[in-house]
There are 2 protein chains.
Amino acid sequence: MLVHMAEAGGRALTSEELSSFIHTNPVVVRRSIAGLREAGVVASSRGHGGGWQLGRAPERITLAEISSALGETLLPFSTEPESPGCLVEQAVIAALEGFRTEAERLLAEKLGRITLADLAADFRRRYDEIGVTSHAV
Amino acid sequence: MLVHMAEAGGRALTSEELSSFIHTNPVVVRRSIAGLREAGVVASSRGHGGGWQLGRAPERITLAEISSALGETLLPFSTEPESPGCLVEQAVIAALEGFRTEAERLLAEKLGRITLADLAADFRRRYDEIGVTSHAV
DNA sequence: AGATTCGTAACTAATTTAGTTACATGAAAC
DNA sequence: GTTTCATGTAACTAAATTAGTTACGAATCT
């Protein structure tokens, strides 16, 4: 959806339009990207001509920010204690916390190097090359 | 559960025992660690005196192997195309695949340095220090 | 004033996961 | 060889999560 906004040339895209791109429902779109608004990644406006657009230049939006603004975790495991007092769990969690700290730093660093402009440029390259509609099913 | 096996001194632990450690059901235990058997991380035996034990020395069992044997993904996103033909999706997937390849290598490398023996040693340290039961609720 | 669009609550349906029961299979003990 | 114990696995239930939908209020433009 953000790539579409980057390609929209400043025009706001409605959640109706965005939802049709990914074959889902306008309300799902609004819910999904609400977190990006608070982070300034996108801006939404109501009423006639309203909709969604990028909150700043795509060169300044990284995948790391998007992931973080969406509240996604970069690592698919929990380190919440489930049996506080269990020393085995404590040892496991200590090891995983150490891993997580270092790993998240590495992953965020890598995702921070990929910008929305990169994705848009790659999309455009594919588009110019193949020259078909961008939303084929 | 694997730390418990490492601490069991070669004795097989039943899924009944293992399940009580993590407050769940024996069948859930069997289902959960079945994948570890095929990978040789654990061995199971039936009948009297049977149960579960490590398939090799804990020094030679890494968290990377465990994660892989359980079929866990190290990164919590999918790169399966949902709309083949959509050039935007293709650009996004291409970027994520590049990231995934590099990231998974990094993560596996890090997890490969943590062995079950490390966890068991840390557990033992905590145990000797505090000197209480290892399965307090 | 009327049309449009987001924001959000409330509800439904589908999917996933954990937990449970049941029973067949295999192995040790006596 | 029978009994006991333990895994392997299927089948079912319950709970939690997620996606989708409807409805409607609030904001904004023409």
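Values below: every heavy atom of this structure, side chains too, minus hydrogens, waters and symmetry copies. Letters A, B, ... mirror the listed sequences (proteins, then strands); counts begin at 1.
- The salt bridge (charged side-chain N to carboxylate O under 4.0 Å, His left out) search around A:E97 returns none, not counting sequence neighbours.
- Spacing between atom CD of A:Q53 and atom C1' of C:dT5 amounts to 13 Å, rounded to whole angstrom units.
- Take B:L70 and apply the side chain to side chain contact (heavy atoms under 4.5 Å, CB included) test, not counting sequence neighbours, and it matches B:L36, B:I66, B:E72.
- Rounded to whole angstrom, the span from the CZ atom of A:R11 across to the C1' atom of D:dC29 amounts to 16 Å.
- A cation-pi contact links A:R100 to A:F77, judged by a cut-off of 6.0 Å to the six-membered ring centre and 45° from its axis.
- In this structure, CG of B:N25 is placed 18 Å from P of C:dT17, rounded to the nearest angstrom.
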Next item on the list: Indicate for each nucleotide in nucleotides 7-14 of chain D, in 5' to 3' sequence, whether protein heavy atoms under 4.0 Å reach the base (B), only the sugar-phosphate (S), or nothing (-).
Entry: BBBBB---
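- Chaining together hydrophobic side chains whose heavy atoms lie under 4.5 Å apart places A:L106 alongside B:L106.
- Scanning for side chain to side chain contact (heavy atoms under 4.5 Å, CB included) contacts around B:S20 gives an empty result, with sequence neighbours left out.
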Shorter than 3.5 Å, N or O on both sides, protein versus nucleotides 13-16 of chain C: list them out with atom names.
none

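- Through direct or relayed side-chain contacts under 4.5 Å between Ile, Leu, Val, Met, Phe, Trp and Tyr, A:V27 connects to no other residue.
- Residues satisfying the side chain to side chain contact (heavy atoms under 4.5 Å, CB included) test with B:P76, not counting sequence neighbours, are A:P76.
- Remark: C1' of D:dT18 and CD of B:E82 are 13 Å apart, rounded to the nearest angstrom.
- Listed by chain and residue number, A:L13 satisfy the side chain to side chain contact (heavy atoms under 4.5 Å, CB included) test with A:A8 (two or more places apart in sequence, or in another chain).
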